[in-house]
Amino acid sequence: MCGVVGWVDFSRKHAGPPWPEVTLMTATLVPRGPDAVGMWCRAHVALGHRRLAVVDVEASAQPMTVAVEGGEVALTYSGEVYNYRALREELTVLGHRFTTRGDTEVVLRAYLEWGERLVDRLVGMYAFAIWDGRVERLLLVRDRLGIKPLYYHCLDGGLLFASETKALLAHPQVQAVVDADGLRELLTFSRTPGHAVYQGIEELRPGALLWVDRSGLRERTYWSLPAYEHADDASATTATVRRLLAQAVGEQLDADVPLGTLLSGGLDSSAVTALATRQQPPGDAGLFSFATGYQEQDAFRPTATRHSADAPYAGLVSAHLGTRHHEILHPPAMLADPHLRERLVHAQDLPRGMGDIDGGLLLLLQWLRPQATVVLTGEGADELFGGYRWFHQPAIADTPTFPWAAGNRGRWAHTAPLYTPDVRRLLQGDAYLADSHATACAEVHRPGGGPGTCTDAERAEHRMRTVTYLHLTRFLPMMLERKDRISMAVGVEARVPLCDHRLVEYVYNVPWRMKATAGRDKVLLRDAVTDLLPAAVVQRAKSHFPSTQSAAYTTALQAQARTLLADPDHEVFTLFDHAAVGRVAAARPGPHPHTALERFLDTATWLTTVQPLIKTA
């Protein structure tokens with residue numbers, strides 16, 4: 001996988017390597033690339049790289065360079081291009097010669113052959129930078145769905161870029177400042193493409209590229225969700241979904257290191273695991289599969305978001321497919337450990353406030369790392385096929401805010417009462433969500449052009465296309481960022497075959513009536529994999545990532561909150577109301593009252609460790 005950093009500075013000539021600032025930036029990304037470090041410097045540019053070796057382990061060191069007529073071209077690259085073998089064959093026919101077996105050199109040679117048009121040929125997850133010394137110009141590229149992160153910050157005379165914001169914040173000219181817009185983005189659980197919370201830091205949007213030269217910046221969107229009329233009947237649609245998903249899984253099994261899957265026993269991860277098992281090379285031992293859970297004192301209690309426990313279903317799938325399955329159970333005390341919270345806040349650079357859910361994922365990935373460097377996951381299926389319950393509640397779909405905010409009360413609604421009155425007035429969270437929702441809805445295109453005269457059925461179909469669009473462009477990026485940051489914090493590459501852009505384009509344009517029927521969600525995906533899995537798994541209702549039901553976990557959070565309450569001058573109380581937090585810290589623990597406490601404690605950890613200057617006026 002890897003981490004990338006760089007600095008282009010046209011304002012002065014640097015005497016030579018190393019550039020100490022870029023060395024420092026690169027060092028912040030050691031967890032993303034524990035296997036090797038590289039640096040490449042010239043008069044106006046420095047590129048850094050941390051490597052997690054997955055393909056062509058012994059070679060493909062970075063930054064990778066090639067000398068051509070007129071100058072050098074250099075690449076620092078993060079991600080995987082899954083169709084690199086076919087591209088290498090095409091480039092070989094065109095006269096290119098390769099010295100490595102990996103995809104890095106293919107990306108570099110593809111740029112030499114096709115320039116920025118190489119983006120139209122790549123299939124995968126990637127974020128990379130190419131310095132073209134022939135014209136002294138930098139190209140930044142991010143994959144279509146935004147699976148791999150890339151951020152940048154403009155300086156006088158140039159630009160900094162990095163895989164994570166912590167690398168940019170390590171540069172002495174970048175300050176950790178969060179203004180009102182940044183707080184709104186952070187605290188309302190919304191996701192505006194391009195917004196990176198910290199003032200002056202921007203995220204390269206999914207499906208975009210950015211040129212940087214002496215004349216400034218030029219950004220171009222090379223991919224967005226296409227809208228077209230779906231021509232296939234139900235049978236052909238199901239067959240195509242199966243073919244595209246199988247293709248994506250098969251391509252993503254390419255690795256020179258141990259590989260497994262995250263298997264919860266839900267439809268999505270089970271489908272990926274089944275297709276991966278079918279496409280393993282002959283003679284390979286059973287595929288590794290991994291699941292997470294919690295050491296609960298009481299029996300599982302169904303909730304609105306978790307109808308059943310994962311373990312029985314994961315075990316059923318493993319037995320059916322013959323995987324080498326492992327389940328790791330976390331004790332409440334470990335999930336509530338402040339050191340674990342510090343690791344999560346540091347990994348994500350921000351207080352995401354998802355507590356035990358994020359902690360359970362990190363502990364699982366940390367545990368499996370000695371056995372598998374790469375894992376395939378089921379991320380993206382719910383957003384694409386309509387798995388969340390609010391897809392199927394018309395009243396929520398018609399609400400002028402994001403469906404997950406209306407259907408799940410939203411992180412803002414959970415925590416808003418804990419903020420000070422001044423912060424609530426400043427943020428105007430409900431209005432911010434409504435404005436962001438309206439902006440996103442305006443981006444949705446209808447097949448064939450404008451609305452014209454629509455029937456009720458056409459209006460209903462457009463409404464569901466809009467709900468799907470919101471999930472793919474606003475909700476899924478949050479989930480992908482979470483998975484990337486937490487997995488890379490322990491040096492694990494998480495692949496997401498359900499986010500293959502070819503599958504996404506096709507399913508996005510399938511009419512809603514083919515994706516769901518009354519009382520049955522994700523019918524299209526279920527039908528596409530029904531022959532691969534036990535019937536109980538195919539029919540299993542959606543259950544979210546496990547969250548502990550232990551009152552001991554909430555009690556531990558309350559005790560930590562009371563410790564902070566004893567210091568009313570703590571800077572966290574510039575955002576949170578002391579009395580409101582006190583009431584939550586003193587309340588009787590229930591099954592799931594800990595969301596607000598997690599947000600409060602994460603924010604306190606963030607303010608203590610990152611120490612941003614919060615502007616509230």
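Residue numbers start at 1 and run along the sequence shown.
Atom CZ of R205 sits about 10.5 Å away from atom OG1 of T473, to the nearest 0.5 Å. Atom CD of E202 and atom CG of L168 lie 11.5 Å apart (nearest 0.5 Å). To the nearest 0.5 Å, atoms CG (L210) and CG (L217) are separated by 4.5 Å. Between atom CG of residue L340 and atom CD of residue Q366 there is a gap of 8.5 Å, rounded to the nearest 0.5 Å. Here L155 contributes atom CG and H153 contributes atom NE2; the two are 4.5 Å apart, rounded to the nearest 0.5 Å. With rounding to the nearest 0.5 angstrom, the CZ atom of R144 is 8.0 Å from the CH2 atom of W223.
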Working note: E116 + Y222, criterion side chain to side chain contact (heavy atoms under 4.5 Å, CB included); need CA distance, chi angles, decisive distance, verdict.
CA-CA 10 Å; E116 70 175 56; Y222 68 87; over 6 Å; no

Working for side chain to side chain contact (heavy atoms under 4.5 Å, CB included), residues V30 and R50:
CA-CA 6 Å; V30 169; R50 290 293 324 190; 3.9 Å; yes

Decide yes or no on side chain to side chain contact (heavy atoms under 4.5 Å, CB included) for R184 and D181, but give the supporting numbers first.
CA-CA 5 Å; R184 293 185 185 106; D181 278 344; 2.7 Å; yes

Check against side chain to side chain donor-acceptor pair (under 3.5 Å), T548 and D356:
CA-CA 7 Å; T548 181; D356 61 327; 5.2 Å; no

Begin with the C-alpha distance, continue with both residues' side-chain angles, and end with the deciding distance and a verdict on side chain to side chain donor-acceptor pair (under 3.5 Å) for E598 and Y553.
CA-CA 11 Å; E598 289 168 338; Y553 174 72; 2.7 Å; yes

Could you go through the side chain to side chain donor-acceptor pair (under 3.5 Å) check for E164 and T28 one step at a time?
CA-CA 9 Å; E164 297 182 7; T28 67; over 6 Å; no

Check the pair H330, T292 against side chain to side chain donor-acceptor pair (under 3.5 Å), reporting the backbone distance first and the verdict last.
CA-CA 8 Å; H330 313 299; T292 189; 2.6 Å; yes

Let me see the working for Y432 and T192 under side chain to side chain contact (heavy atoms under 4.5 Å, CB included), right down to the final yes or no.
CA-CA 11 Å; Y432 185 74; T192 303; 3.9 Å; yes

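Put simply, the side chain of Y198 reaches to within 4.5 Å of the side chain of L350, judged on heavy atoms. Between E383 and C499 the shortest side-chain heavy-atom distance does not fall below 4.5 Å. L525 places a side-chain heavy atom less than 4.5 Å from the side chain of L245. Counting heavy atoms from C-beta outward, L384 and L503 have side chains that approach closer than 4.5 Å. At least one side-chain heavy atom of L601 sits under 4.5 Å from a side-chain heavy atom of L564. Using a 4.5 Å cut-off on side-chain heavy atoms (C-beta onward), L262 and L368 make contact. Side-chain contact between D602 and W606 is absent, with no heavy atoms from C-beta onward closer than 4.5 Å. Two residues are said to be in side-chain contact when any heavy atoms from C-beta on lie closer than 4.5 Å; T608 and H570 meet this criterion.
In terms of heavy atoms, L470 sits closest to P403 at CD1-CD, 3.9 Å. In terms of heavy atoms, V272 sits closest to T377 at CG2-O, 3.9 Å. Nearest heavy atoms, L498 versus G378: CD1-O, 3.4 Å. Scanning all heavy atoms of the two residues, the minimum distance from F290 to L364 falls at CB-CD1, 4.1 Å. Taking each heavy atom of A162 and V5 in turn, the nearest pair found is CB-CG1, 3.9 Å. Closest heavy-atom contact between L244 and R502: CD1-O, 4.0 Å.
K515 places a side-chain N or O within 3.5 Å of a backbone atom of V507 that can act as its donor or acceptor partner. In this structure, the side chain of D179 does not engage the main chain of Q199 through any donor-acceptor pair within 3.5 Å. In this structure a side-chain-to-backbone donor-acceptor pair under 3.5 Å is missing from R424 to L418. A distance-only check finds a donor-acceptor pair linking the side chain of H49 to the backbone of Y77 [under 3.5 Å]. For the pair R495 (side chain) and L376 (backbone), a donor-acceptor distance under 3.5 Å is absent. Side-chain N or O atoms of Q252 include none that pairs as donor or acceptor with a backbone N or O of Y82 at under 3.5 Å. Side-chain atoms of Q560 come within 3.5 Å of backbone atoms of A336 as a donor-acceptor pair (strictly under, hydrogens ignored). Judged by distance alone, with hydrogens and angles left aside, the side-chain atoms of D349 form a donor-acceptor pair with the main-chain N or O of K166 at under 3.5 Å. Side-chain N or O atoms of R369 include one that pairs as donor or acceptor with a backbone N or O of G491 at under 3.5 Å. With hydrogens and angles disregarded, a donor-acceptor distance shorter than 3.5 Å links the side chain of N83 to the backbone of R121.
Ion pair R142/E203 flagged as a salt bridge, since at least one NZ, NE, NH1 or NH2 atom sits closer than 4.0 Å to an Asp/Glu carboxylate oxygen. Between D310 and R540, at least one side-chain nitrogen of the basic residue sits less than 4.0 Å from a carboxylate oxygen of the acidic one, meeting the salt-bridge criterion. Taking the charged nitrogens against the carboxylate oxygens, D422 and R425 do have a contact shorter than 4.0 Å, which makes a salt bridge. Under the 4.0 Å criterion applied to side-chain N and carboxylate O atoms, D521 and R389 are not assigned as salt-bridge partners.
A cation-pi arrangement is absent between R191 and F475 under the rule of less than 6.0 angstrom and at most 45 degrees off the ring axis.
For H346, the NE2 atom sits in a loose shell: 12 or fewer heavy atoms of surrounding residues, nucleotides or ligands are nearer than 6.0 Å.
Under the 30°/60° scheme for interplanar angles, the aromatic rings of F391 and Y388 are found to lie parallel. Between Y419 and F576, the angle of the ring planes lies from 30° to 60°, which puts this pair in the tilted group.
Checked options R343, R482, R341; the residue passing with D358 is R482 (criterion: side chain to side chain donor-acceptor pair (under 3.5 Å)).
When only modelled atom types and interatomic distance are considered, Y469 and E443 share a side-chain donor-acceptor pair under 3.5 Å.
F402 and H471 have their aromatic ring centers separated by at least 6.0 angstrom.
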